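Heads up, the thing below is written out as structure tokens.
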Amino acid sequence: MANAPKVLVVFFSRSGTTRLLAEAIARATQADLEELRERRSRLGIIGWLRSGYEGTHQRSAETLPLQHDVSAYDLVFVGSPTWGRSLSSPVRGFLRQNAARLGSVALFATCGVQGAETALEQMAALLKQPPLASLAMLQSEVERGAAVRVGELTEAALSAWERKMIATS
């Protein structure tokens, strides 16, 4: 590839699992990293219960202003944990607020047991165009090491981005 894309990884992580995957993707693509933040804490049992409720009922949460301008990036990876077998409310809020500013997007979602595929579908539905690639991973897979799966995701996304650039030039 003649010109590598400028890449950003945006994610939310309550427990740290999605953060591990986001950091691996950022390392693999030499991307900038942006963790979505909120004013209210999600720690403890109250935070866990509120997160599950918001996920189950497909609520959006407002996040603090971003450090990076998402429209300045060629490719943005967006990652979310799964809450109540659904997309997390901070990522839902981020996508609702920023979908129009996102160009090429790849998605990833983590879950304890199930629901990551549903979260990916919900994320894709909020985008203006289909994602270039996506990845659903169990927490146990992420904790054991996700290098192969991260490689597959990043290769698929970067190849799709390159084909898209060739097609539009």
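Scope of the values below: all heavy atoms of this structure, side chains included, with no hydrogens, waters or symmetry mates. Note that the structure is a prediction, hence the values are computed from the model and not measured.
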Among the clusters formed by ILVMFWY side chains lying less than 4.5 Å apart, do [X] and [Y] turn up in the same one?
X: W83; Y: L20; answer: no
X: V91; Y: L8; answer: yes
X: V78; Y: W161; answer: no
X: L102; Y: L153; answer: no
X: L126; Y: L36; answer: yes

> Just checking, is any N or O donor in the side chain of Q122 or S86 under 3.5 Å from an acceptor N or O on the other one?
Replying inline: yes
With a 4.5 Å cut-off on side-chain heavy atoms, are [Y] and [X] touching?
X: F108; Y: V150; result: no
X: P5; Y: L158; result: yes
X: E34; Y: V10; result: yes
X: L127; Y: L107; result: yes
X: L33; Y: E23; result: yes
X: E35; Y: Q67; result: no
X: S88; Y: T82; result: no

> Any donor and acceptor pair, going by atom type alone, linking the side chain of R96 with main-chain N or O of A61 inside 3.5 Å?
Replying inline: no
Rounded distance [0.5 Å steps], [atom1] in [X] versus [atom2] in [Y]:
X: L66; Y: R37; atom1: CG; atom2: CZ; result: 8.0 Å
X: E117; Y: L120; atom1: CD; atom2: CG; result: 7.0 Å
X: M123; Y: L87; atom1: CE; atom2: CG; result: 6.0 Å
X: Q139; Y: L21; atom1: CD; atom2: CG; result: 12.0 Å
X: T63; Y: F94; atom1: OG1; atom2: CZ; result: 7.5 Å
X: R149; Y: M137; atom1: CZ; atom2: CE; result: 5.0 Å

Write down the atom of [X], the atom of [Y], and the distance for their closest heavy-atom approach.
X: V76; Y: V70; answer: CG2-O, 4.1 Å
X: A157; Y: L132; answer: O-CD1, 3.7 Å
X: S104; Y: K164; answer: OG-NZ, 2.9 Å
X: T154; Y: A28; answer: CG2-CB, 4.1 Å
X: E141; Y: A136; answer: OE1-O, 4.5 Å
X: S13; Y: R19; answer: OG-N, 3.2 Å

> Does the pair V7 and I25 meet the rule for a side chain to side chain contact (heavy atoms under 4.5 Å, CB included), with working shown?
Replying inline: CA-CA 10 Å; V7 181; I25 293 166; over 6 Å; no
> Hey, mind stepping through D69 and R101 against salt bridge (Lys or Arg N to Asp or Glu O under 4.0 Å) and telling me if it holds?
Replying inline: CA-CA 9 Å; D69 176 4; R101 299 176 53 222; 2.6 Å; yes
Evaluate whether atom [atom1] of [X] has more than 12 neighbouring non-hydrogen atoms of other residues, nucleotides or ligands under 6.0 angstrom away.
X: R85; atom1: CZ; answer: no
X: E143; atom1: CD; answer: yes
X: Q129; atom1: CD; answer: yes

>> Between L135 and E152, is the side chain to side chain contact (heavy atoms under 4.5 Å, CB included) condition met? List the steps.
In response: CA-CA 9 Å; L135 174 65; E152 293 168 351; 5.9 Å; no
>> Could you go through L75 and T29, starting from their C-alpha distance and side-chain angles, then the distance that decides it, and tell me whether this counts as side chain to side chain contact (heavy atoms under 4.5 Å, CB included)?
In response: CA-CA 10 Å; L75 174 59; T29 58; over 6 Å; no
